[in-house]
Student: 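Take a look at the following structure, please.
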Amino acid sequence: MYLVFDLETETYSSHKRKASPFDSRNHVVARGWKAQNDTKCSYEYYGADRTKTYLRIPDQTTMLVGYNIKFDLLWEMANGNPDLHSFYKRGGKIWDCQYAEYLLNAQHPDSQMAALTDVAPLYGGTKKIDAVKALWEAGCKTVDIPEDLLIDYLVGTEEESRNGGDIRNTELAFLGQIQRAIRLGMLKMIQDRMDSLLATTDMEFRGLHVDVNEAKRRLNILNAELAEAEAELAQYIPDDLPFEFNWGSKYHASYIIFGGTAKYSKQTTYIDEATGELARLKTKERHYVHADGSTHPTEPGIKYLSGKNKGEYKTKMVDVPGELKVKYQDFTYKFPGYTEPKDEWATKNVDAVGLPVYQTNSDVITEISIRNIPFLKVLSKKQALDKEIGTYYLRFDEKKKEYVGMLTCVQPSDKMLHHKLNHTSTVTTRLSSSDPNLQNLPRGDKSEVKAMFDSRFGEDGEMIEADYSQLEVVVQGVLSGDKNLCDFLRAQIDFHCKRVAAKFGIAYEDALVWCKDENYPDYKMWKARRTGCKEFSFQRAYGAGAPAIAAATGMSLSDVEELIEAEEALFPGIVEFNALVESAVKKSAVPFQSPNDAGQWKTYRRGFWQAPTGTMYSFRTYDAQEWQRKRGITDSFSPPEMKNYPVQGTGGEFVQGILGLLWRHFISKDFYNGRAYLVNTVHDCVWADVHKSVRDEVAADMKRIMESIPEYYNNRYGMKIDVPFPVEVEYGPNMNKLHHWKQPG
DNA sequence: TGGGTGAGCGCC
DNA sequence: AAAAGGCGCTCACCCA
């Protein structure tokens, strides 16, 4: 039996969370629900009463249904709902209509983060009551919304017999989605992903513990380095510069390196068109009056002969020219530049005289670094420091008058950071992360940012990270079934060394030693060669063509083409699989209208490919390339997208399936009696925060469950996966100090 | 002043 | 024959 529910809460934002359940100013204002056989919705209105309330979940309930249900679940967890854990423990499931809609529509951008008011009408539901939304948008607090109106919004009006509103709309969407899911062969897949949503909801609720002292210590060091870099850079700013130079500006950086004309404005005097003279303010001054009627500011003239001022000098107020007037006017300043740019570095932006502004990114800086430009090194350093401080630590933004950076998301009271893991924001079904994004933290070899993430259990705790090795290569093997690839995967071949061996005509066994054994005499050279091959394989995985790979790796085009040819000969199954996807996409293509780059409406197509698990991927066409146009082709699918989505998406799907299994396991263990929590996931890895006393048990369980992908998908989906999904587990005091974990004994 | 955009860059 | 995948965040700049 299902139970639909929804909450209306107070909406204060803190730490980038709207209506945050972690903000003590917020509370549940009203709650609505409807069980499967109810003929109308139920509700409770609590108004300003801040007593913690919770949803009763009857024992016969097997599924909770909601719209963006993570929000409501987080509130139930924050309020300490006593029914939730036992509901989960007896196998209770969820259905999030927002997530289902996104998957049913093949992750079409219009279905990403879709609103209930847009989805409900598709299933016979109604649009939301605009008045409530308008009140919220006008800054009205939820408690100040009239009770009648809020309840109508939540469960429908009395005329609708309270069988309407968000609750009924959610129920209608749910029932319709189930039918669609069955028809499309997607039910099992969606249900599995709903369990992953439970896992990430739990991760958000638990949050990450931040060692604020460590963060501050590191921030101080970075700020000192930044000040030093800026002081050094200051000497390269022209002495006569009439405006403030900003090294952080891409425009300024381009001008000073490549030359260019900056536009700046300053307040200065100007010619009054009426008089032809410098414009001045008008002002009044008291002057002495002389007998001839003239006036003078200092020399007295005639006196009053009578009246109350009798005997005093006669004066009057006269208009005189005042201060010179100033206004903002645009000026230009030309920088000579240090070196010549390449045409291909031009950006779309132009300087004050219409010449292009050039890229000053790290690739460009690297390329011109041999040209003896004095400040390049320290400029790169400043750019890197700006990025690290502003994104991952804390910086006061003078323009916004507020702090920016990841540390703004840390709650001062308990040093916890509740990030977001989003399930409906990508075209490939991958998860995304935001507020802050914990999926793009700099790696340990680049920065110490990760050191601030430590255990909530203090000295008694540790962090665990469990990673799939070469997940996308394994998935490529599963999808294509390519014999050689699968053989290599089963033999645990290091693909990068394999490529080194092929490219340099040496034995694979030699490549393994030469690239990995630090004691081998030419280790450094071979390691670099392996890194080059690694880059090649990443580019290949993304579906990149030969010219792109050549540009990225610095290899010659013919070398790259040779490598690609060798790959295709070695893995013919991949070529076949790619062709299969392409033909399915083209066969299923349906036309749609969309504006092109020039803003004119044009006909494009959208085609589909469905994975063995049921996940649907959709691809749109783009304006054809010039050489295609000559042959009468107007639009075409993107080969890189068709090669990449199935692999990236299926990898993501496997990890999500596993997140669900991991979370179910943690639930069954009562989170190891409150001593271990899943806290984050980054595409092919999972983080946990554990008490040391259960570390080995948790690590072993995680490894076992994560490596069970073949078993799980073969049983549940009838797949025939016969390659391993090896997982490496690491642990340590924080996320920057991890070492390899091995099963004890 | 505030939203939108492009460039740039962090991760997988 | 040809085609560089997926995200989110910060910054500067533009424009309404």
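None of the values given here were measured: they were computed from a predicted structure. Every chain is numbered from 1 and lettered A, B, ... according to where its sequence line falls, protein lines coming before strand lines.
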Student: Rounded to whole angstrom units, what separation is found between the CG atom of A:Asn644 and the C1' atom of C:dG5?
Tutor: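 Answer to the nearest Å: 3 Å.
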Student: Would you say A:Ser249 places a side-chain N or O within less than 4.0 Å of OP1 or OP2 belonging to C:dA12?
Tutor: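 False: A:Ser249 side-chain N/O out of range (4.0 Å or more) of C:dA12 OP1/OP2.
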Student: Base, sugar-phosphate, or nothing: which does A:Gly652 touch, judged by heavy atoms less than 4.0 Å apart?
Tutor: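 Answer is nothing: A:Gly652 stays at 4.0 Å or more from every strand.
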Student: Using a cut-off of 4.0 Å on non-hydrogen atoms, how would the nucleic acid contact of A:Ser638 be classed: base, sugar-phosphate, or nothing?
Tutor: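 A:Ser638: no heavy atom of the nucleic acid under 4.0 Å.
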Student: Roughly how far apart, to the nearest Å, are C:dA2 and B:dC9 at atom P?
Tutor: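 Comparing P positions in C:dA2 and B:dC9 gives a spacing of 30 Å.
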Student: Tell me the interatomic distance from A:Tyr393, atom OH, to B:dG10, atom C1', rounded to whole angstroms.
Tutor: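 So the OH-C1' distance, A:Tyr393 to B:dG10, works out to 13 Å.
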Student: Starting from P on C:dC13, measure out to NZ on A:Lys250 and report it in whole angstrom.
Tutor: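 Computing the A:Lys250:NZ to C:dC13:P distance gives 9 Å.
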Student: Closer than 3.5 angstrom, by distance alone: can the side chain of A:Gln439 be matched with the main-chain N or O of A:Thr681 as a donor-acceptor pair?
Tutor: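 Checked: pair present.
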Student: What I want to check is whether an N or O donor and acceptor connect the side chain of A:Arg443 with the base of B:dC11 at under 3.5 Å.
Tutor: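 No, no donor-acceptor pair under 3.5 Å.
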Student: What is the distance from CH2 of A:Trp247 to P of C:dC11, rounded to the nearest Å?
Tutor: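 Those two atoms, CH2 and P, are 19 Å apart.
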Student: If you check the A:Lys387 side chain, which of C:dC7, C:dC9, C:dA3 turns out closest?
Tutor: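 Ranking C:dC7, C:dC9, C:dA3 by closest atom to the A:Lys387 side chain puts C:dC9 first.
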Student: Let me know the distance between CZ of A:Phe243 and P of C:dA12, rounded to the nearest Å.
Tutor: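 After rounding, the gap between these two atoms is 14 Å.
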Student: Distance check needed: B:dC9 C1' versus A:Gln439 CD, whole Å only.
Tutor: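 In whole Å, B:dC9 C1' and A:Gln439 CD are 16 Å from each other.
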Student: Are A:Trp247 and A:Phe375 an aromatic pair by the rule of ring centers under 6.0 Å?
Tutor: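 Centroid distance A:Trp247-A:Phe375: below 6.0 Å, so yes.
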Student: If you measure from the P atom in C:dA4 to the same atom in B:dC12, how many Å do you get, rounded?
Tutor: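 Their P atoms lie roughly 23 Å apart.
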Student: Measuring from the side chain of A:Glu641 (C-beta onward, heavy atoms only), which nucleotide among C:dC9, C:dG6, B:dG10 has the closest atom?
Tutor: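 Nearest to the side chain of A:Glu641 among the choices is C:dG6.
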Student: Taking any heavy-atom pair under 4.0 Å as a contact, classify A:Asp386: base, sugar-phosphate, or nothing.
Tutor: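 Touches nothing.
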Student: In whole angstroms, how far is the P atom of B:dA7 from the CG atom of A:Asp351?
Tutor: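 Going from A:Asp351 (CG) to B:dA7 (P), I get 15 Å.
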Student: Heavy atoms within less than 4.0 Å of DNA chain B: which residues of residues 605-624 of chain A have one? Give them sorted by number.
Tutor: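 Nothing qualifies; none.
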Student: When all nucleic acid strands are considered with a 4.0 Å heavy-atom cut-off, which category describes A:Ser433: base, sugar-phosphate, or nothing?
Tutor: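 It contacts sugar-phosphate atoms only.
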Student: Indicate the ring-plane relationship of A:Trp345 and A:Phe258, choosing parallel, tilted or perpendicular according to the 30° and 60° boundaries.
Tutor: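 Correct class here is tilted.
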Student: Is the number of heavy atoms from other residues, nucleotides or ligands under 6.0 Å of A:Lys534 NZ greater than 12?
Tutor: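 No.
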Student: Residues in salt bridge (Lys or Arg N to Asp or Glu O under 4.0 Å) with A:Asp454, at least two apart?
Tutor: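 So A:Asp454 forms no salt bridge (Lys or Arg N to Asp or Glu O under 4.0 Å) with any residue.
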Student: Classify the side chain of A:Asn437 and the base of C:dG8 as holding, or not holding, a donor-acceptor pair under 3.5 Å.
Tutor: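 Side chain to base: no pair below 3.5 Å.
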Student: For A:Thr429, is there any backbone N or O sitting under 3.5 Å from a side-chain donor or acceptor partner on A:Thr426?
Tutor: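 Looks like yes, one N/O pair under 3.5 Å.
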Student: Tell whether A:Gln628 reaches the base of C:dA3 with its side chain through a donor-acceptor pair below 3.5 angstrom.
Tutor: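 It does, because a donor-acceptor pair links the side chain of A:Gln628 to the base of C:dA3 below 3.5 Å.
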Student: Distance under 6.0 Å and angle within 45° of the ring axis: does A:Arg606 meet both against A:Tyr604?
Tutor: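 Judged by the rule, A:Arg606 and A:Tyr604 form no cation-pi pair.
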Student: Would you mind classifying the nucleic acid contact of A:Ala548 as base, sugar-phosphate or nothing, using non-hydrogen atoms under 4.0 angstrom?
Tutor: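 The answer is base, as A:Ala548 lies within the cut-off (heavy atoms under 4.0 Å) of a base atom.
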Student: Would you call the rings of A:Tyr255 and A:Phe335 parallel, tilted or perpendicular if under 30° counts as parallel and over 60° as perpendicular?
Tutor: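 It falls in the parallel class, under 30°.
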Student: Whole angstrom is fine here: how far is it from CZ in A:Phe538 over to P in C:dG6?
Tutor: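 Spelled out: CZ on A:Phe538 to P on C:dG6 is 17 Å.
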